[in-house]
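Have a look at the structure below, then the notes.
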Amino acid sequence: MESWVSRSGLASLQRTSLNKMDTNIVSTFVERWHLETSSFHMPFGEMSITLDDVACLLHLPIRGIFWSPQDVTEELAVELAVDYLGVSQGQAQSHVRSCRGSYYKLEWLYDIFVHHRVASSWAYATRAYLLMLVGSTIFADKTFTLVEARYLLLFRDLDGCSGYSWGAAALVTLYRYLGDVSMYSCKQLGGYPTLLQCWIHEYFPTVGKRGENWNPAGNCGLPRAMRWSYRQGVLKVDDLRPILDELTPTDVIWRPFEDHRAWRVFDEICLYRGCLKWGETVVPYLPDRCLRQFGGAPRDVPVPVYDVGPSDPDWAHVSTLIRRYLRQVNAEEEDPQFSDLFEALHISRSH
């Protein structure tokens, strides 16, 4: 079973997920996402999550087959569960009916995995495990409890599923959900939020709070997402908007993975310009709009100002200086030694 998981190209996903998300940081970046360009519009230009970022952060393959799945009805979802998960017809029918669509519950897949592992039915156990793995990471939907039954088709041949471009699939899925949630009417982000938050941590060292598990120089080739851990911050979305508005190119680590090239060599396919397709989802992939991430020249874009801040230039400068210092020392509002500075910041913002 370990051999199948290792050869699938998905083994790294067993260890990359953050235990909690900083929803305020994620929400602030989501506001700057433009689905037409698949990029975040920052004060100094555009930036995006690229195939190279996915390869370094998650260690997923970015070359391979792009999958075009067949439609899966509830009846076919039942048949797939019987044939490839080793459950009875009645059990599969009852479960799919309870999901009210062509889905499987992640909890149900876990129970199947445990049952077949005890019975040494390794192929069934491995399929349940891999489907549960992708359903809770790169293919997570907005419920975070269900996975589409059609993804079971990816694991019919356990010896052949290593041929898929899992990294591109993860990126397409995240792009798609970012496009959805950038709309005012959508309140929930699907896909793999760990990928987004770890990308923010790599490129924006002064934004939010980052917990580090190890130094990149001594990581022994682990996926870079494993470098980061959750650290609770106190800044809300309203606080983070002006911080992002004030960012300059010097606040960004433009090429964060140069010390990781011994384990993930840069692949020129990351510079492909066009569309990426996974299943029925097609998204634009335009790395030429964020050339600075590849060592190239930047381009400027206008960005709306969400919080104009203090109207008086002197007060605005005071506010900026205080906020910058508090970020540098990772100060929290409940820390008594910084209470006077937080009070000064609030006063400066009111002018």
Q) Distance from Ile62 atom CD1 to Cys56 atom SG, nearest 0.5 Å? A) 8.5 Å
(Q) Using a strict threshold of under 4.0 Å (side-chain N to carboxylate O), is an ion pair present between Arg224 and Asp259? (A) yes
Q. Is the distance between the ring centroids of Tyr84 and Tyr124 less than 6.0 Å?
A. no
Q. What closest approach, in Å, do Glu212 and Ser229 show between heavy atoms, and which atom pair accounts for it?
A. N-OG, 4.0 Å
Q) Have Trp228 and Gln197 got a donor and an acceptor in their side chains that come within less than 3.5 Å? A) no
Q. Judged by atom type as modelled, is there a donor-acceptor pair below 3.5 Å linking the side chain of Ser8 to the main-chain atoms of Val5?
A. yes
(Q) Between Phe204 and Phe29 (judged by ring centroids, cut-off 6.0 Å), do the two rings come close enough to count as a pair? (A) yes
Q | Option passing side chain to side chain donor-acceptor pair (under 3.5 Å) with His260 (candidates His59, Arg227, Glu202) | A | His59
Q) Just by distance, with hydrogens left out, do Thr143 and Tyr103 show a side-chain donor and acceptor under 3.5 Å apart? A) no
Q.
With heavy-atom distances below 4.5 Å as the criterion, would you say the side chains of Cys275 and Val283 are in contact?
A. no
Q.
Would the distance check show the side chain of Tyr285 and the main-chain N or O of Leu271 forming a donor-acceptor pair, the cut-off being under 3.5 Å?
A. no
Q. Where the side chain of Ser6 meets the backbone of Glu2, is there a donor-acceptor pair that is under 3.5 Å apart?
A. no
Q | Student check: side-chain heavy atoms of Arg97 and Val78 closer than 4.5 Å | A | no
Q) Roughly how far, to the nearest 0.5 Å, is the OG1 atom of Thr194 from the CE atom of Met21? A) 5.0 Å
Q.
Tell me whether Ser94 contacts the main-chain N or O of Gly90 through its side chain, where contact means a donor paired with an acceptor under 3.5 Å.
A. no
**Q.** Other residues, nucleotides, ligands: >12 heavy atoms within 6.0 Å of Lys20 NZ
**A.** no
Q. Roughly how far, to the nearest 0.5 Å, is CD of Glu79 from CG of Leu152?
A. 12.0 Å
Q. Within the distance-only criterion (no hydrogens, no angle test), does the side chain of Lys142 pair as donor or acceptor with the backbone N or O of Phe144 below 3.5 angstrom?
A. no
Q | Test: Arg100 and Glu74 ion pair at under 4.0 Å | A | no
Q | Verdict with reasoning, Asn24 to Ser27, per side chain to side chain donor-acceptor pair (under 3.5 Å) | A | CA-CA 5 Å; Asn24 292 326; Ser27 297; 5.6 Å; no
Q: Using the six-membered ring wherever Trp is involved, compare the ring planes of Tyr164 and Trp166 and label them parallel, tilted or perpendicular (cut-offs 30° and 60°).
A: perpendicular
(Q) Less than 4.0 angstrom from a charged side-chain N to a carboxylate O is my criterion; do Lys105 and Glu107 meet it? (A) no
Q. Would you say the side chain of Pro205 lies within less than 4.5 Å of the side chain of Ile253, judging by non-hydrogen atoms?
A. yes
Q | Flag side-chain contact, heavy atom, 4.5 Å: Pro287 against Phe294 | A | yes
(Q) Can you confirm whether Val237 sits close enough to Glu31 that some side-chain heavy atom of one is under 4.5 Å from a side-chain heavy atom of the other? (A) yes
Q. Looking at side-chain heavy atoms only, is the closest gap between Phe139 and Leu154 below 4.5 Å?
A. yes
(Q) Holding to side chain to side chain donor-acceptor pair (under 3.5 Å), I want the full list of residues that pass it with Trp278, two or more places apart in sequence or in another chain. (A) none
(Q) Under a plain distance cut-off of 3.5 Å, with no hydrogens placed, do Thr50 and Ser48 share a side-chain donor-acceptor pair? (A) no
Q) Just wondering, are more than 12 heavy atoms of other shown residues or ligands nearer than 6.0 Å to OH in Tyr110? A) no
(Q) Around atom CZ of Arg15, are there more than 12 heavy atoms from other residues, nucleotides or ligands closer than 6.0 Å? (A) no
Q: State the CZ-CG distance between Arg32 and Leu178, to the nearest 0.5 angstrom.
A: 14.5 Å
**Q.** Close side-chain approach of Met132 to Val147, heavy-atom, < 4.5 Å
**A.** no
**Q.** Cationic N near anionic O, under 4.0 Å, Arg150 to Glu280
**A.** yes
Q: Would you check if Leu171 and Ile138 make a side-chain contact, meaning some heavy-atom pair closer than 4.5 Å?
A: no
Q. When the aromatic ring centroids of Phe40 and Trp199 are compared, is their separation below 6.0 Å?
A. yes
Q) Got a donor-acceptor contact below 3.5 angstrom from the Asp83 side chain to the Leu80 backbone? A) no
Q) Which heavy-atom pair separates Leu341 from Ile322 by the least distance, and what is that distance? A) O-CG2, 3.6 Å
Q) CG/Leu235 to CG/Asp22 distance, rounded to the nearest 0.5 angstrom? A) 8.5 Å
Q.
Quick check on Arg261: does its CZ atom have over 12 non-hydrogen neighbours (other residues, nucleotides or ligands) under 6.0 Å away?
A. yes
Q) Any idea which heavy atoms bring Ala81 and Trp108 closest together, and the distance? A) CB-CH2, 4.1 Å
Q: Flag yes if more than 12 heavy atoms outside Asp159 fall under 6.0 Å of its CG atom; otherwise flag no.
A: yes
(Q) Is it the case that the side chain of Asp180 and the backbone of Tyr177 share a donor-acceptor pair, with hydrogens and angles ignored and the cut-off at 3.5 Å? (A) no
Q) Just by distance, do the side chain of Ser102 and the backbone of Val72 share a donor-acceptor pair under 3.5 Å? A) yes
Q. Between atom OH of Tyr272 and atom CG of Asp288, what is the distance when rounded to the nearest 0.5 Å?
A. 11.5 Å
Q: Check whether the ring centres of Tyr175 and Trp33 lie less than 6.0 Å apart, and answer yes or no.
A: yes
(Q) According to side chain to side chain donor-acceptor pair (under 3.5 Å), who are the partners of Ser38, at least two apart in sequence or on a separate chain? (A) none
Q: Measure across Arg7 and Ser162 and return the closest heavy-atom pair with its distance rounded to 0.1 Å.
A: O-CB, 2.6 Å
Q) Pro223 and side chain to side chain contact (heavy atoms under 4.5 Å, CB included): which partner among Thr16, Leu60, Leu57? A) Thr16
Q.
Restricting to non-hydrogen atoms, name the atom on Thr281 and the atom on Arg176 that form the minimum distance, rounded to 0.1 Å.
A. OG1-CD, 3.6 Å
**Q.** Main-chain N/O of Ala128 paired to His116 side chain as donor or acceptor, under 3.5 Å
**A.** no
